[in-house]
Amino acid sequence: MILAGGQGSRLKALTKTVAKPAVPFGGKYRIIDFPLSNCANSGIEKVGVLTQYKPLELHNYLGSGSSWDLDRTGGGVFILPPYAREKGADWYRGTADAIYQNLNFIDLADPDYVLILSGDHIYTMDYSWMLKAHKDNNADVTIGVFEVSWDEAPRFGIMVTDKDTGRITEFQEKPKQPKSNLASMGIYIFSKPFLKKYLEEDGVNENSTHDFGNDLIPKMLADNARMFSYAFDGYWKDVGTIESLWQANMDLLEDTPPFDLKGDMKIYSSNPSLPPHFIGPDASVKSSMINEGAKIEGDVDKSVIFQGVKVGPDAKVTNSVILPSAVVEKGATVNYAIIAQDAVIKAGARVEGKPGEIFVVPEGAIVNA
Amino acid sequence: MKQVVGIINLQEGNSLIRELAATRAVEALPFAGRYRLVDFAISNMVNSGISTVGLMLPDFSRAVLDHIRSGKDWDLARRRDGLTYLPAALPDNDSRKGDLKDIYANLDFAELSGKQYVLLTNASYIYNIDFKDVVDFHKKSGADITMVYSKATTDRDGKSVVIQTSTNGIVTDLAEVPAIKQGQKDVMGAYLMPVPTFAYIVRTTYERGGQDFLLDGLIRHANEFKISAYKHHGYVAHINSTMEYYQANRDCLNPDVWQELFMNNDRPIFTKVKDEVPVQYKDSANVKNSLVANGCD
């Protein structure tokens with residue numbers, strides 16, 4: 001179950017018209033490609049995507065799930081928006097509530113285990129290893145954890161664990177004094193009957209905020225549930241802010257990138273059919289990533305260029321992310337910026353951000369000289 | 001365009017390009033960094049609204065089968081119509097060469113399609129077209145057969161079919177020549193005719209010993225029919241020699257050609273999806289005047 005309903009308000013202009021999981025990343029992908037591809041690569045064929053905030057582009061993008069090899073007999077991508085019933089309709093009131101309101105879907109799918117993912121992170125992971133650990137430990141719930149630096153720890157939900165067994169003994173939500181530096185990744189594997197029981201109790205509890213981190217996990221822990229941690233040690237990046245989204249894109253441009261898109265776990269996506277990009281006779285491209293259908297006639301350095309982007313002659317794009325079909329006209333300069341879809345930087349215009357203050361040009365905007 | 005059944009003939013012979021075509025059909029040759037030649041033939045049909053398409057398999061068919069598979073990437077994996085593979089005729093005692101026996105063996109496909117017209121194309125020409133314009137032209141002309149041609153922009157080696165036309169666009173002569181001259185009218189291997197006409201030509205020609213659809217079928221029967229010629233104005237390349245193959249790839253480095261062939265929003269060229277990673281240019285990269293496909297470093 002992929003939680004893809006959030007607004008991603010810290011992404012501001014980029015999520016004005018789309019939900020956060022539909023935000024483009026890495027030259028050709030969208031954030032949701034990562035959990036979806038991970039599911040496909042882990043052998044999980046039935047995936048529910050819980051949407052809520054401005055889901056049209058996301059729904060349109062997902063289609064039948066065939067791009068991620070998920071349109072299998074008996075499997076598939078199921079889009080799960082909030083829906084009306086006899087007692088009226090309710091928005092999803094929290095992460096746990098979103099799952100609770102879709103218990104009927106889970107019952108229909110009738111799995112032994114439920115994997116809950118957020119649609120917000122860039123990483124590749126084969127969940128079958130985490131499932132194996134869950135089974136080996138005879139766990140009720142297994143939580144994916146990621147080692148963060150001690151001074152970052154107060155930003156996360158922290159799991160305190162037994163060093164030998166990995167069993168979780170305490171949970172601290174954004175603690176000022178963290179007792180551990182293992183952050184919850186928001187990846188949970190539940191045994192289905194166990195999950196259902198807690199969701200049903202929480203669902204009718206008026207005092208709850210219906211959030212996994214805030215409500216369910218602490219309650220399960222208090223009830224002495226068999227809760228285990230599963231350590232993940234690959235690249236894992238939250239891309240919930242403009243800065244972190246920009247940085248994650250820039251990470252791809254290193255000589256040996258910390259995150260290898262060409263690794264064993266292929267990331268699938270749904271893209272229009274476009275030709276190889278064109279590099280003009282006077283163009284210069286260095287330390288950058290360029291997708292199909294782009295037309296580069298100027299200079300591109302340390303930038304990520306999405307499909308269909310045009311960079312005109314004498315234009316300079318540096319330290320930036322240019323989203324699909326945006327145009328940087330002749331002689332314009334773009335530095336430390338994210339230029340959203342279909343935006344146009346007119347001839348001679350200058351877009352100048354700086355490190356720590358990435359400038360965002362919103363979707364369809366026109367920037368004049 | 002629901003009245004048209006498309007047939008792509010991959011059995012057309014190509015002897016000048018042997019080095020590249022030793023182990024696979026010419027039509028499976030890679031092109032412009034991302035495509036195979038056959039992608040143009042299929043995409044043109046699909047983009048024109050033709051959704052019943054028969055693909056006549058070449059003798060070495062593995063590359064084509066692996067590339068196209070269910071036809072899904074070209075939007076031809078459908079329940080009711082979509083893509084049909086038309087295998088080559090079984091070799092028999094009279095061992096005829098040429099494509100006519102394969103077209104004859106698969107006549108059922110066109111005749112049972114329930115369609116009014118058949119559009120027969122080969123896959124060695126590169127162009128981006130909306131065949132609807134050809135069908136409209138055909139109906140207005142009142143002709144029995146319509147051929148699609150373009151004016152050759154340079155002299156070119158390699159077998160070509162050229163036509164002479166009268167002032168009202170009716171074909172007055174049709175011949176296969178070993179090389180084409182600039183300005184001549186080059187038939188692009190695309191022929192539109194009613195299904196019964198097609199079946200008549202194929203049957204009568206084959207049953208009288210014919211071997212090649214174009215030479216024995218069309219050219220010999222030309223006098224019996226009113227044939228009109230539709231002029232295609234866009235870029236055209238005919239891949240019938242190694243030099244042409246090289247030149248056509250290089251032509252794609254011309255931004256206008258690249259734009260016209262590949263960046264038409266209404267008529268994209270589809271190909272097998274490989275989910276390759278966008279190109280990563282390192283600091284030492286120095287690339288100019290090139291097309292670089294995803295998956296390259």
Side-chain angles (χ1 to χ4, degrees), chain A residues 25-29 33 37 40 64 66-69 71 249 252-257 259-263 266-297 300-310 325, chain B residues 30-35 39-40 42-43 46-47 69-70 72-75 77 126 128 249-297:
Chain A
F25 173 79
K28 88 182 262 201
Y29 309 96
D33 289 327
S37 302
S64 68
S66 64
S67 301
W68 300 267
D69 226 10
D71 65 337
N249 275 288
L252 296 171
L253 304 178
E254 312 237 333
D255 261 350
T256 25
F259 181 53
D260 188 11
L261 285 169
K262 288 202 168 130
K266 201 170 211 181
I267 307 297
Y268 306 102
S269 61
S270 175
N271 297 101
S273 203
L274 287 171
H277 61 260
F278 174 76
I279 306 286
D282 299 312
S284 158
V285 180
K286 291 192 186 306
S287 302
S288 295
M289 189 175 227
I290 310 206
N291 196 17
E292 292 164 338
K295 187 176 180 190
I296 310 296
E297 297 175 288
V300 175
D301 192 359
K302 294 208 181 45
S303 295
V304 175
I305 307 291
F306 279 74
Q307 59 268 22
V309 165
K310 289 201 184 65
S325 303
Chain B
F31 185 78
R34 186 171 182 224
Y35 305 93
D39 292 332
F40 292 88
I42 307 179
S43 301
V46 172
N47 288 331
R69 301 191 302 162
S70 69
K72 185 158 210 297
D73 293 330
W74 295 262
D75 203 18
I126 295 186
N128 189 324
N249 271 288
R250 295 200 65 80
D251 285 344
C252 291
L253 295 177
N254 174 338
D256 295 328
V257 173
W258 178 81
Q259 186 83 26
E260 190 219 314
L261 282 182
F262 303 115
M263 297 293 281
N264 182 327
N265 280 332
D266 298 323
R267 304 200 302 267
I269 303 297
F270 300 103
T271 188
K272 181 178 183 182
V273 174
K274 296 223 187 114
D275 296 301
E276 297 278 11
V277 179
V279 181
Q280 295 173 289
Y281 290 80
K282 303 283 191 231
D283 192 52
S284 51
N286 186 357
V287 177
K288 294 193 191 305
N289 212 13
S290 300
L291 291 182
V292 188
N294 280 9
C296 291
D297 263 333

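Since the model is a prediction, treat every value here as computed from it, not as a measurement. These values consider heavy atoms only, across backbone and side chains, with no hydrogens, waters or symmetry-generated copies. Numbered from 1 within each chain, the chains take letters A, B, ... in sequence-line order.
- With a threshold of 4.5 angstrom between heavy atoms, A:Phe306 does not approach chain B through any atom at all.
- With a 4.5 Å cut-off on non-hydrogen atoms, B:Lys274 touches chain A through its backbone but not through its side chain.
- The CG atom of B:Asn265 lies 8.5 Å from the CG atom of A:Leu274; values are rounded to the nearest 0.5 Å.
- Taking 4.5 Å as the limit, every side-chain heavy atom of A:Ser273 sits out of range of all side-chain heavy atoms of B:Trp74.
- You'll find the side chain of B:Pro278 stays beyond 4.5 Å of the side chain of A:Ile290, heavy atoms only.
- Between the side chain of A:Lys286 and the backbone N or O of B:Ala285 there is at least one donor-acceptor pair closer than 3.5 Å.
- To the nearest 0.5 Å, atom CG of residue A:Asp255 and atom OG of residue B:Ser284 are 7.5 Å apart.
- There is no contact between A:Ile305 and chain B, counting heavy-atom distances below 4.5 Å.
- The shortest side-chain heavy-atom distance between A:Phe278 and B:Asn289 falls under the 4.5 Å cut-off.
- Applying the side chain to side chain donor-acceptor pair (under 3.5 Å) rule to A:Asn271 yields the partners A:Ser269; only residues at least two apart in sequence or on another chain are considered.
- If you measure heavy-atom distances from A:Glu254 to chain B, the contacts under 4.5 Å come from the backbone alone.
- Between chain B and the residues A:Gly280, A:Ala283, A:Gly27, the largest count of heavy-atom pairs under 4.5 Å involves A:Gly280.
- Among B:Leu253, B:Leu261, B:Asp73, the residue with the largest count of heavy-atom pairs under 4.5 Å with chain A is B:Leu253.
- Of the two parts of B:Leu291, the backbone and the side chain both hold a non-hydrogen atom closer than 4.5 Å to a non-hydrogen atom of chain A.
- Contacts with chain A were tallied for B:Cys296, B:Ala293, B:Ser43, B:Ser290; B:Ser290 has the most, counting heavy-atom pairs under 4.5 Å.
- Looking only at heavy-atom pairs under 4.5 Å with chain B, the residue among A:Glu297, A:Lys262, A:Lys295 that has the most is A:Lys262.
- For the pair A:Pro275 and B:Met263, the minimum side-chain heavy-atom distance is below 4.5 Å.
- When all heavy atoms of B:Tyr35 and A:Pro276 are compared, the closest pair comes out as CE1-CD, 4.1 Å.
- To the nearest 0.5 angstrom, B:Gln280 atom CD is 11.0 Å from A:Ser287 atom OG.
- By number of non-hydrogen pairs under 4.5 angstrom with chain B, the leading residue of A:Asn291, A:Leu261, A:Asp282 is A:Asn291.
- For the atom pair A:Ile279 CD1 and B:Lys288 NZ, the distance stands at 9.5 Å (nearest 0.5 Å).
- The minimum heavy-atom distance linking B:Tyr281 with A:His277 is given by the pair OH-NE2, 2.6 Å.
- A heavy-atom distance below 4.5 Å is not found between the side chains of B:Asp275 and A:Ile267.
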